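Some notes on the structure that comes next.
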Amino acid sequence: MSLYIRLVTALSRIGGVFAILLTASAALVVTQMVFMRYVLNASTVWQTEYVIYALVAATFIGSPYVLLEKGHVNVDLLQITASDNVKRIMKLLSGLVGVAFCSLLAYSGWMYFHEAWEGGWTTDTVWAIPLWIPLLPLPLGIGLLVLQYIAEIMKLFGEDA
């Protein structure tokens with residue numbers, strides 16, 4: 001296994017752990033929000049926004065780990081019946097399409113993040129957090145997903161192929 005594959009695998013696993021922590025924090029914040037509203041009869045300002053942004057961030061940042069573990073939804077009817085060479089070609093083509101699509105998405109996400117950073121944009125809510133914070137997981141997570149796709153393509157041509 002090459003250094004690149006080991007490094008990207010480690011980064012994807014770190015992203016998976018971070019996604020779990022974001023999801024757990026969202027669950028805790030929802031619990032706190034319900035307690036504040038219905039037990040203390042207090043208003044909530046930031047909780048709903050935090051939960052939405054945390055779950056979206058968990059989705060983007062956790063996606064490379066899901067690819068690493070072959071957890072994305074796929075249709076494998078053709079792969080089951082195909083020969084090993086055809087399977088490898090199909091995996092290569094789907095990997096290349098994944099790299100192309102995710103590269104474009106990461107680039108556009110980076111441009112949007114950069115605009116929010118440079119423009120000092122904030123959310124249109126009472127909390128008014130800087131918009132670059134919830135936008136950062138898109139280029140970060142999808143950029144790492146591109147690297148994981150490349151690692152998966154490299155694995156097709158490694159000694160374990």
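Numbering starts at 1 and runs along the sequence shown. Bear in mind the structure is a predicted one, so any value in this text is a computation, not a measurement.
- Residues Phe157 and Leu92 meet the side-chain proximity criterion, which asks for heavy atoms closer than 4.5 Å.
- Rounding to the nearest 0.5 Å places CD of Gln79 at 11.0 Å from CG of Asp84.
- For the atom pair Ile80 CD1 and Leu77 CG, the distance stands at 6.5 Å (nearest 0.5 Å).
- Of all non-hydrogen atoms in Val99 and Ser103, the two that sit nearest each other are O-OG, 2.6 Å.
- Under the 4.5 Å side-chain heavy-atom criterion for Ile, Leu, Val, Met, Phe, Trp and Tyr, Tyr4 and Leu67 are members of the same hydrophobic cluster.
- Between Phe18 and Tyr65, the closest side-chain pair of non-hydrogen atoms is not below 4.5 Å.
- Here the CG atom belonging to Leu131 is positioned 6.0 Å from the OH atom belonging to Tyr53, to the nearest 0.5 angstrom.
- Across all their heavy atoms, Ala26 and Val51 have their closest contact at O-CG2, 3.7 Å.
- Side-chain contact check for Leu93 versus Met90: every heavy-atom pair is 4.5 Å or farther apart.
- One finds the NZ atom of Lys87 at 12.5 Å from the CG atom of Leu156 (value rounded to the nearest 0.5 Å).
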- Task: Evaluate the criterion ring-ring contact (aromatic ring centres under 6.0 Å, His included) for residue pair Phe113 and Trp110; output intermediate values, then yes/no.
- Result: CA-CA 5 Å; Phe113 161 79; Trp110 174 258; 5.1 Å; yes
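- In this structure, the side chains of Val29 and Trp46 come closer than 4.5 Å at one or more pairs of heavy atoms.
- One finds the CD atom of Gln47 at 10.5 Å from the CD atom of Glu49 (value rounded to the nearest 0.5 Å).
- Residues Tyr107 and Leu104 have side chains not in contact (no heavy-atom distance under 4.5 Å, counting atoms from C-beta outward).
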Between side-chain atoms of residues 137-154 and protein atoms elsewhere (two or more places apart, or another chain), which donor-acceptor pairs fall under 3.5 Å?
residue	atom	partner	partner atom	Å
Gln148	OE1	Ser12	OG	2.6
Gln148	NE2	Glu152	OE2	2.7
Glu152	OE1	Lys70	NZ	2.5
Glu152	OE2	Lys155	NZ	3.0

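- The closest side-chain heavy-atom distance from Pro134 to Ile129 is below 4.5 Å.
- In the hydrophobic clustering of ILVMFWY residues, with side-chain heavy atoms under 4.5 Å counting as a link, Leu96 and Phe101 come out together.
- Clustering ILVMFWY residues whenever any of their side-chain heavy atoms sit less than 4.5 angstrom apart, transitively, puts Val39 in the very cluster that holds Met36.
- The line from CG of Leu11 to CG of Leu68 is 11.0 Å long, rounded to the nearest 0.5 Å.
- Although no hydrogens or angles enter the test, the distance criterion places no donor-acceptor pair under 3.5 Å between the side chain of Glu118 and the main chain of Ala116.
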